[in-house]
There are 2 protein chains.
Amino acid sequence: MSKEISLQALQRLPLYLQYLKALPADKDIYISAKVLSSALGLGEIQVRKDLAAVSDGGKPKVGYCAAELIKDIENFLGYDNVNDAVLVGTGKLGKALLSYDGFKAYGLNIVAAFDSDPGKCGIDESGKQIFHISKMENLCERMKIEIGIITVPAASAQEVCDILVKSGIRAVWNFAPAHISVPAGVLLKNENMAASLAVLSKHLSEKRVCENNSNSI
Amino acid sequence: MSKEISLQALQRLPLYLQYLKALPADKDIYISAKVLSSALGLGEIQVRKDLAAVSDGGKPKVGYCAAELIKDIENFLGYDNVNDAVLVGTGKLGKALLSYDGFKAYGLNIVAAFDSDPGKCGIDESGKQIFHISKMENLCERMKIEIGIITVPAASAQEVCDILVKSGIRAVWNFAPAHISVPAGVLLKNENMAASLAVLSKHLSEKRVCENNSNSI
DNA sequence: TAGATTGTTAATCGATTAACAATC
DNA sequence: TAGATTGTTAATCGATTAACAATC
């Protein structure tokens with residue numbers, strides 16, 4: 001376990017996790033790479049390779065123990081440690097993420113939000129506190145927050161990111177449609193809806209039929 | 001123009017577009033691949049190759065005409081044709097997307113939403129109509145809708161997708177944390193937040209410093 | 001044992017980068 | 001012309017897939 005893993009493979013792990021967790025929670029459920037791959041629309045060898053990177057391995061002729069796999073993947077991804085996060089920008093999208101309670105399955109816990117508009121500060125519908133942005137640095141440092149979620153307009157994204165970095169954030173999840181840059185050691189993950197829309201729009205403008213299933217992206 | 005383009009390159013186009021649109025709207029503004037690449041944190045050659053795929057090209061020693069590039073990229077991506085879409089599932093995320101007005105810059109126009117809960121039907125805060133899911137097929141067919149946005153819980157994602165496909169949808173944008181499958185010719189784009197979280201969580205659990213800027217994903 | 005399934009090493013494929021030629 | 005910049009062909013790199021060996 002814990003061999004080389006590609007960025008692509010890393011991003012497929014939640015897919016396996018989601019499938020495995022939907023299975024009955026029985027110690028003795030085994031599943032083969034073949035079943036997994038066809039259920040998820042992936043290659044069978046790819047699945048074996050992905051799982052080999054995170055798990056002690058399956059048993060020939062039997063498959064992988066589902067319960068073990070879940071444990072191994074969660075452990076590999078660090079979902080067992082809770083990752084505290086702050087969110088900046090409480091517009092529509094920010095509020096939606098703030099009240100989404102599905103993140104805790106991934107170890108993500110949004111502890112507070114920030115906004116530059118004093119009128120938006122207070123308790124959110126989600127029950128979470130929204131502070132003025134001026135309080136962010138202090139709070140992040142005190143609570144040793146490591147994840148910052150950016151849901152501000154593009155124009156202020158870099159500025160907000162800089163404050164987050166100064167506050168000790170080590171990973172930034174950016175939803176603003178803007179390119180931002182971070183210093184070495186800080187991870188930047190862009191949630192790039194514009195990129196997705198480009199793919200959709202291009203497909204429609206082509207009006208051509210491509211090959212099956214390879215058209216899932 | 002319109003040579004081969006890789007999926008990656010296609011998804012970088014909105015980045016160029018966003019940068020170029022932030023420039024003064026002057027017919028005579030030229031920009032070099034060098035400036036573009038360093039502003040966006042990309043490789044210079046990569047930028048030239050990307051632009052070559054969509055544009056008639058730049059002028060040696062001068063660069064690319066910004067206004068031309070914008071036109072070429074928008075044309076390539078089909079942002080000039082309006083793409084009508086429907087959204088299914090009016091939970092927090094669905095509502096956030098419904099009222100987000102930034103999509104029209106990408107040619108995306110959400111004309112209506114659907115939900116299986118009759119209590120949620122009516123006029124949304126966004127001013128858009130929410131219909132019962134039973135009306136979806138008929139409405140999509142009549143209006144020749146080609147894009148379906150799925151923001152329902154994972155458990156009903158496949159079912160909703162099947163109805164969309166039956167209704168003539170040709171591109172599906174899936175926000176549900178579920179694997180769904182579509183027939184040939186229909187494009188499926190997953191907006192995979194779980195995948196992003198995997199990258200963030202793994203980075204933090206590693207507690208190691210990686211190389212600069214290559215850590216933007 | 002035979003057969004099914006895992007795991008690994010080698011081959012292929014696609015995307016990025018480097019080297020260089022073309023052009024204003 | 002010389003120099004800056006674009007554009008293309010070749011080399012590299014990384015990820016996926018294929019072939020095959022190992023194991024229960």
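We name chains A, B, ... by the order of the sequence lines, and we start the count at 1 in each one.
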Calculate the interatomic distance between [X] atom [atom1] and [N] atom [atom2]; express it in whole Å.
X: B:Asp56; N: C:dT23; atom1: CG; atom2: P; answer: 16 Å
X: A:Leu10; N: D:dT16; atom1: CG; atom2: P; answer: 12 Å
X: A:Leu7; N: D:dA15; atom1: CG; atom2: C1'; answer: 11 Å
X: B:Tyr64; N: D:dA4; atom1: OH; atom2: C1'; answer: 13 Å
X: B:Gln11; N: C:dT16; atom1: CD; atom2: P; answer: 11 Å
X: A:Leu42; N: D:dT17; atom1: CG; atom2: C1'; answer: 13 Å
X: B:Glu44; N: C:dA19; atom1: CD; atom2: P; answer: 14 Å
X: A:Gln46; N: D:dA18; atom1: CD; atom2: C1'; answer: 13 Å

Is any side-chain N or O of B:Gln8 closer than 4.0 Å to OP1 or OP2 of C:dA15?
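Checking B:Gln8 against C:dA15: no side-chain N or O falls below 4.0 Å of OP1 or OP2.
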Under 4.0 Å from OP1 or OP2 of D:dG7: is there any side-chain N or O of B:Arg48 that close?
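For D:dG7, OP1/OP2 do not have a side-chain N/O of B:Arg48 under 4.0 Å.
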What pair of heavy atoms forms the shortest contact from B:Gln11 to B:Pro14, and how long is it?
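Taking every non-hydrogen atom into account, O-CD, 3.3 Å.
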Using the rule given for salt bridge (charged side-chain N to carboxylate O under 4.0 Å, His left out), can you reason through A:Glu141 versus A:Lys166, listing the C-alpha separation, both sets of side-chain angles and the distance that settles it, and then say yes or no?
CA-CA 9 Å; A:Glu141 280 171 0; A:Lys166 202 148 55 96; over 6 Å; no
Angle of first-five versus last-five pair axes in the helix from C:dG3-D:dC24 to C:dC24-D:dG3, to 10 degrees
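Between the first-five-pair axis and the last-five-pair axis there is 0°.
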Only counting residues at least two apart or in another chain, list the ones meeting side chain to side chain contact (heavy atoms under 4.5 Å, CB included) with A:Asp101.
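For A:Asp101, the residues satisfying side chain to side chain contact (heavy atoms under 4.5 Å, CB included) (neighbours in sequence not counted) are A:Lys104.
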Decide, yes or no, whether a salt bridge links B:Lys21 with B:Glu74 under the criterion of side-chain N to carboxylate O below 4.0 Å.
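B:Glu74 and B:Lys21: salt-bridged.
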Can we call the ring centroids of A:Trp173 and A:Phe103 under 6.0 Å apart?
yes
Between the side chains of A:Gln46 and A:Asp50, is a donor N or O closer than 3.5 angstrom to an acceptor N or O?
no
Assign each of A:Lys59 and B:Gly58 to its nearest nucleotide of DNA chain D by heavy atoms, then name whichever residue's nucleotide is nearer the 5' end.
B:Gly58
A:Pro60, nearest nucleotide to its side chain (from C:dT6, D:dT16, C:dT16):
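Of all the options, the side chain of A:Pro60 is nearest to C:dT6.
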Which is true for [X] with a 4.0 Å heavy-atom rule: it touches a base, it touches only sugar-phosphate, or it touches nothing?
X: A:Lys61; answer: base
X: A:Ala9; answer: nothing
X: B:Lys49; answer: base

So if I take residues 16-32 of chain B and measure heavy-atom distances to DNA chain C, which residues fall below 4.0 Å?
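Going residue by residue through residues 16-32 of chain B, none turns out to have a heavy atom under 4.0 Å of DNA chain C.
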For A:Leu51 and B:Ile45, take the nucleotide of DNA chain C holding the closest heavy atom to each; which residue's nucleotide lies nearer the 5' end?
A:Leu51
Short side-chain to backbone donor-acceptor contact, B:Ser156 and B:Val152, under 3.5 Å:
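Side chain of B:Ser156 to backbone of B:Val152, a donor-acceptor pair under 3.5 Å: no, none is there.
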Close side-chain approach of B:Asp84 to B:Val82, heavy-atom, < 4.5 Å
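Result yes, sub-4.5 Å side-chain heavy-atom pair found.
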Audit row: A:Leu187, A:Arg170, side chain to side chain contact (heavy atoms under 4.5 Å, CB included) steps and yes/no
CA-CA 6 Å; A:Leu187 184 113; A:Arg170 303 195 57 247; over 6 Å; no
Does NZ or CZ of A:Lys202 come closer than 6.0 Å to the centre of the six-membered ring of B:Phe76, within 45° of the ring's axis?
yes
